[in-house]
Amino acid sequence: MKKLGKKLGSTTRRVLMAGAAGLLCAIPAVSGLAQTASPAAQATKPRAGAVPAPARQPGEGAGPFRKMVIRGVTLIDGSGAPPRGPVDVVVENNIITSIEAAGTPGLPLVDGRAPRDADYELDATGMFMLPGFIDMHVHGSSDDKAPDLSYSYKLWLAHGVTSVRGVDLAPFEISLSERARSARNEIVAPRIFSYHRPGMGRGWTGGLTNTPDKAREWVRWAAKAGIDGIKLGADANQPPEVLEAIFDEAKKQQIGTVAHLSQIGVGRMDAKHAGATGLGTVTHFYGHFESLLKNGPVQDWAPDYNFMDEQHRFGDVANLARESFNPGTPEWKEYLESQKANGVTFDPTMTIYAASRDLMHARNADWHARYTMPQLWGFFQSSRENHGSYFFDWTTEREVRWRNFYKKFMQLINDYKNIGGRVTAGSDSGFIFKTYGFGFIEELELLQEAGFNPSQVVQAATLNGALTLYEPKGNVAPPIGTVRVGKLADMVLVKENPLQNFKTLYGTGALRLNEQTQRLERVGGVSYTIKDGIVYDAKKLLADVAEMVKAEKRRMGLPEEGVPLP
C-alpha cells in the first residue's frame, strides 16, 4: 500500500491502519527524531518535533487599536465577583482603561455614552465577557499530529484560551521562539509560558541532570536562556535530592515548577513530600493518592505490572481509589492542609483521562469529524507506541474502576478548593481523544462535576492560573486573569451565559430545542477572543481549522467528511 505524507529527515513515516466496514484508511504518525532502536525495544516513540506557526496574515484579527470600546456587555470579571452589566469596557492599545455602567438592567441602554473618539467599537449588547482563559497544561500540535503549531493555537483561541503554559509546548528553542513571536503578535497564538524538562536545550552541554549540582547548573542556564518554569517527572534521573535542588534553585531564579510525579519516582517523592520541599504545582492526579496510601508509601503493583506497557500504567491507576485513605479521615484532611500551607497549586487535568471512564463518549465526540486532524486521529487509536493510546482491550470493569477513582479524585480537588487551596484548569490535549481547545472546555465541565460552582470554575480557569504563572516571578498582581482597569486586554465574548451552561463554550456549541420551530439548533460557541487588544473572530478561527483538516485529508487521499472508525 502506498505510504502517505512526506519524509522528515531520515525518519520514515509509519502507517497506521484503521478499518471501517472493510475500508482501510492510511493515517501516518510521525516522529520528529530518528529512532535508535527497534519499535519492540521502546515503550513509546521518540519525541516528535514541531513546525512553527506561519506568520499572522492580513485579516487575521483586528487591532490593536489606539482606543477600542466594547459596548453594553455583561461582565464576569474572573475574580469571583457576580456578573454585572450592562457595562462599556474601554481598551487603549492593550490596556483596559475604563469599565463604566452603560445603563440599567431591563431598560434601554443610555444614548451618547462616552468615549466617542474610539477607533473601533464592538456592540456586545446581550453578550457576556470573561477574562481570557488560561490553559495550565498544554503541549502544542507536534509534527506527528498536525502540519504546524497553528492548528493547536487557533483551536485554543477559538475556545477563548488566551494564555497557555507549555509543559513543554514544543522543543526548547522552538518554544522560546514561538513565545517571543506570540508576544510580538507576529503569529495567531495565545500568550505562551514556556516550561521545560531538566536537561533540555541544544545549548546545554552538561549532560544528565542527575545530581543536585548538575540540576542546579541546568536551572541557572535555562533561566538565563529565558524559560518561565520547569516541568518535572520524578523519573529515574530525578531522585528526591535532585528534585529538591531543582525546587530550591528555581525559586532563587524566580521561575515556576510543575510536576507530573510519575510512578517511576513517586514511591520516594510523593506530592506531600514535593510540596514540603518547594514544588509549585502538582499536575494530574499523580502523587496525591500515593501521599494517602493506607499501607505505606508504595502502591500495591500487580505481579505482572510493567510500567512500559501503557495499559498497565494507566489501567492500574484506578486501583489507588481503594488503596488510599477516604475523604474526611484525619489523614485526608492533614494532607490537604499541608499542601495549602506550602502554597501548592493543584492542576487536576481531569479531561485528559476522562476517556478511561467512558471510552465510547470520548471517541465519538461531536468535533472529531470536522476539527480533529487525521494524523491526530490516527495517533489516538490504540497503539503500543503512541503515548496515551492505551486502550488495547478496555473493559467495562476498567471503566467502572476509573469512575470510582474519579469520584475520589474530584472529592480531593473540591475539598482542597473548599479549604482555600488553589486549583487551576489544564487540559493536556493532543492525547487520549482530546482535541485542542475542546478538551479545555471539558475540563470546566469536570470542575463543575467535582463540586465547583460555575463562578468558581471561571476563577480556576482565569485568575488562579494567572496567579500561579506570575507569583514565581515575584508578581502577586498579574496583568492577566481578570477584567479590571489596568489589566491587559485578554477577554472572551460569548452570546450564551456560560455560568448557565459551559457546554455553550464548545466550538460545536450545544444543542437546544427551538420551541417555535420544534427543531434542534446548535447555540453558543465563543464569538470573539481578544488577546493583547487584538480581536479575533472565533468562528473564523474554527473555519480556518476546518479547512486545514480538510486540506490534510485531501492530501492524504482520505474522505473529507468524518473520521475512519475501527
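Along the sequence shown, residues carry numbers from 1. Predicted model only: the values in this text are computed from it and were never measured.
Electrostatic pairing of Glu496 and Arg512 counts as a salt bridge here, judged by a charged N lying under 4.0 Å from a carboxylate O. Taking a cutoff of 4.0 Å between a charged side-chain nitrogen and a carboxylate oxygen, Asp135 and Arg165 do not qualify as a salt bridge. At a threshold of 4.0 Å, the pair Lys540-Asp544 counts as salt-bridged, since one of the basic side-chain nitrogens sits closer than that to a carboxylate oxygen. Ion pair Asp532/Arg191 flagged as a salt bridge, since at least one NZ, NE, NH1 or NH2 atom sits closer than 4.0 Å to an Asp/Glu carboxylate oxygen. With respect to Arg313 and Glu310, a salt bridge is recorded, a charged nitrogen being found less than 4.0 Å from a carboxylate O.
Side chains of Thr468 and Arg422: a donor on one and an acceptor on the other come within 3.5 Å. Using modelled atom types, one finds no donor on one side chain facing an acceptor on the other under 3.5 Å when comparing Lys145 with Ser152. Glu60 and Tyr536 share no side-chain donor-acceptor pair at under 3.5 Å. For Ser389 and Ser382, the side-chain atoms include no donor-acceptor pair closer than 3.5 Å.
Ring pair Tyr286/His260 is parallel by interplanar angle, where below 30° counts as parallel and above 60° as perpendicular. In this structure, Phe433 and Phe380 have tilted ring planes: the angle between them lies in the 30° to 60° band. Ring orientation note: the planes of Trp402 and Tyr406 are tilted relative to one another, at an angle of 30° to 60°.
Screening Lys553, Arg554, Arg555 for a salt bridge (Lys or Arg N to Asp or Glu O under 4.0 Å) with Glu560, the sole residue that qualifies is Arg554. Here the rule is ring-ring contact (aromatic ring centres under 6.0 Å, His included) with Phe285, and of Phe405, Phe346, Phe314 only Phe405 fits it. Here the rule is side chain to side chain donor-acceptor pair (under 3.5 Å) with Thr424, and of Thr283, Thr349, Asp347 only Asp347 fits it. For the side-chain contact (heavy atoms from CB on, under 4.5 Å) test with Asn404, the passing option among Arg401, Lys407, Lys408 is Lys407; the others fail.
Listed for the Thr482 side chain is no donor-acceptor partner under 3.5 Å among the backbone atoms of Ser79. In this structure a side-chain-to-backbone donor-acceptor pair under 3.5 Å is present from Arg403 to Arg357. Side chain of Ser182 to main chain of Pro190: a donor-acceptor pair is present (N/O by atom type, distance under 3.5 Å, no hydrogens or angles).
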**OP:** Decide yes or no on side chain to side chain contact (heavy atoms under 4.5 Å, CB included) for Val138 and Asp428, but give the supporting numbers first.
**Re:** CA-CA 5 Å; Val138 309; Asp428 198 11; over 6 Å; no

**OP:** Apply side chain to side chain contact (heavy atoms under 4.5 Å, CB included) to Glu552 and Val549, showing your working.
**Re:** CA-CA 5 Å; Glu552 281 300 287; Val549 171; 5.9 Å; no

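A ring-centre distance under 6.0 Å is found for Phe438 and His159. Remark: aromatic rings of Phe440 and Trp156 are distant, center separation not under 6.0 Å. The aromatic ring centroids of Tyr390 and His312 lie 6.0 Å or more from each other. Checked against the 6.0 Å centroid threshold, His284 and His137 count as a close aromatic pair.
In this structure, Lys495 fails the cation-pi test against Phe128, since its NZ or CZ atom is not both closer than 6.0 Å to the six-membered ring centre and inside 45 degrees of the ring normal.
Distance CZ/Arg398 to OG/Ser356: 9.5 Å, rounded to 0.5 Å. Atom CD1 of Ile227 sits about 9.0 Å away from atom CZ of Arg179, to the nearest 0.5 Å.
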